[in-house]
Amino acid sequence: FNGSLIIDGEPDANGRLDGDNLLELYEVEFEFQTIDFAGVDLRNYGYNAARGDWTGAVGFSDVGINYTLAIESFGLEVQYGEILAFVLERFVFPAIIDPGPGEPPVDSLEDFVGWLIDCESIANGIGNATFAGIVQSVCDGATAGLGALLRDQLTNLSGDTSSFFQLQTPADQACPLFDTDTPFDNEIDRIGEEADQCIWQGTVRFDQNNPTGDDLNGTFYAR
């Protein structure tokens with residue numbers, strides 16, 4: 001995932017960052033068999049992947065501009081309904097549904113409901129043309145409503161993972177901050193380095209009886 005690490009404001013006199021800081025994940029990179037997507041931005045399809053509010057502190061170091069960022073443990077709210085809707089619309093529906101010659105692809109939840117309930121065929125099966133037109137109009141309205149309802153129900157699914165999935169920077173490995181301007185202007189231009197990325201220390205607890213959970217670590221940098 002790619003996304004944005006948002007710092008709400010300047011640290012206080014003690015270096016604390018206790019404002020409305022946010023990690024938002026919305027861009028997906030993955031390879032699966034013949035599918036290769038490098039940087040698919042879910043926001044272009046009206047979706048997000050995950051987000052979490054965090055707190056932390058700025059400290060001192062001999063790396064970068066002598067400052068570091070430490071992020072304290074926080075949980076992510078995973079928008080799994082939105083991720084599922086994205087996968088269905090981008091991959092599943094186009095792969096398994098043949099709309100027929102000359103017909104547009106089925107690549108949305110609304111299109112799927114319209115394909116599943118063929119209002120035109122239902123109307124064509126009615127002998128009376130006037131009545132058939134009424135039936136198709138009612139049917140079209142009903143399928144549009146069902147499509148919207150399905151989208152609402154699906155995209156409203158989310159999970160607050162703070163109880164079983166947490167992220168933080170390791171206590172002994174805060175992330176160096178860099179001012180890449182020449183001369184320095186004392187503004188942060190980069191957090192970590194692409195070639196030497198900061199550490200996400202992740203913990204996943206699949207079992208409520210497991211008090212510590214299992215490690216799921218990763219790396220990140222921001223620019």
Side-chain angles (χ1 to χ4, degrees), residues 1-8 17-33 35-57 69-96 107-110 112-113 147-171 173-175 191-192 194 197-223:
F1 289 105
N2 296 324
S4 297
L5 184 68
I6 300 170
I7 301 175
D8 180 54
L17 293 167
D18 290 324
D20 296 325
N21 309 306
L22 176 67
L23 173 67
E24 190 173 35
L25 303 176
Y26 44 74
E27 190 173 281
V28 181
E29 295 186 7
F30 69 91
E31 293 183 17
F32 177 73
Q33 297 181 353
I35 301 174
D36 182 6
F37 277 86
V40 179
D41 192 333
L42 271 65
R43 294 175 302 175
N44 292 337
Y45 303 91
Y47 301 131
N48 261 308
R51 55 174 290 146
D53 298 315
W54 60 272
T55 57
L69 173 65
I71 298 176
E72 297 160 350
S73 181
F74 69 98
L76 286 176
E77 181 180 298
V78 180
Q79 307 290 338
Y80 54 83
E82 297 194 20
I83 296 173
L84 177 58
F86 170 76
V87 170
L88 288 171
E89 292 181 332
R90 287 288 292 168
F91 306 114
V92 176
F93 293 160
I96 67 173
D107 56 6
S108 73
L109 295 170
E110 291 79 8
F112 171 69
V113 173
L149 177 62
L150 176 61
R151 178 174 297 281
D152 287 343
Q153 293 295 314
L154 193 57
T155 57
N156 284 334
L157 294 175
S158 65
D160 182 356
T161 66
S162 59
S163 62
F164 64 89
F165 181 30
Q166 296 186 331
L167 288 176
Q168 68 181 75
T169 55
Q173 290 180 276
C175 194
I191 303 175
E194 185 172 7
Q197 299 190 12
C198 302
I199 304 297
W200 273 133
Q201 182 178 337
T203 304
V204 179
R205 187 164 59 91
F206 295 108
D207 186 348
Q208 292 183 351
N209 296 319
N210 180 354
T212 58
D214 300 307
D215 291 338
L216 183 65
N217 297 330
T219 59
F220 75 98
Y221 78 104
R223 53 187 171 87

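Residues take their numbers from the sequence shown, with the count starting at 1.
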For [X], which residues count as a side-chain contact (heavy atoms from CB on, under 4.5 Å) partner, sequence neighbours excluded?
| X | value |
| --- | --- |
| Pro170 | Asp172, Gln173, Ile199, Gln201 |
| Leu84 | Leu88, Leu154 |
| Leu17 | Ile7, Pro11, Asn21, Trp54, Val58, Leu69 |

Search all heavy atoms of [X] against all heavy atoms of [Y] and return the closest pair with its distance.
| X | Y | result |
| --- | --- | --- |
| Arg151 | Ser108 | NH2-CB, 4.2 Å |
| Gln168 | Glu72 | CB-C, 3.8 Å |
| Glu110 | Gly147 | OE2-O, 3.9 Å |
| Asp8 | Gly19 | OD2-CA, 3.8 Å |
| Thr169 | Ile71 | OG1-N, 2.8 Å |

Parallel, tilted or perpendicular: rings of Phe112 and Phe93 (30°, 60°):
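The arrangement is parallel - the two ring planes meet at less than 30°.
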Okay, side chain of [X], backbone of [Y]: is any donor-acceptor separation there less than 3.5 Å?
| X | Y | result |
| --- | --- | --- |
| Glu24 | Ser4 | no |
| Asn217 | Gly202 | yes |
| Gln197 | Gly192 | no |

With sequence neighbours excluded, give me every salt bridge (charged side-chain N to carboxylate O under 4.0 Å, His left out) pair touching residues 42-52.
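For residues 42-52: Asp41-Arg43.
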Steps toward side chain to side chain contact (heavy atoms under 4.5 Å, CB included) verdict (Leu5, Leu23)
CA-CA 5 Å; Leu5 184 68; Leu23 173 67; 4.1 Å; yes
Using the side chain to side chain contact (heavy atoms under 4.5 Å, CB included) rule, take Phe220 and Cys198 through it: C-alpha gap first, then chi angles, then the decisive distance, then the call.
CA-CA 5 Å; Phe220 75 98; Cys198 302; 3.6 Å; yes
State which residues pass ring-ring contact (aromatic ring centres under 6.0 Å, His included) with Tyr26; sequence neighbours excluded, sorted by chain then number.
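Tyr26 satisfies ring-ring contact (aromatic ring centres under 6.0 Å, His included) with no other residue.
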Can you find a pair of side-chain heavy atoms, one from Tyr47 and one from Thr155, that are under 4.5 Å apart?
yes
If the condition is salt bridge (Lys or Arg N to Asp or Glu O under 4.0 Å), which residues does Asp18 pass it with, not counting sequence neighbours?
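Per chain and number, Asp18 pairs via salt bridge (Lys or Arg N to Asp or Glu O under 4.0 Å) with Arg16.
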Enter the distance from Leu25:CG to Leu42:CG here, rounded to the nearest 0.5 Å.
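Leu25 atom CG to Leu42 atom CG measures 10.5 Å (nearest 0.5 Å).
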Decide yes or no on side chain to side chain contact (heavy atoms under 4.5 Å, CB included) for Glu89 and Tyr45, but give the supporting numbers first.
CA-CA 10 Å; Glu89 292 181 332; Tyr45 303 91; 5.5 Å; no
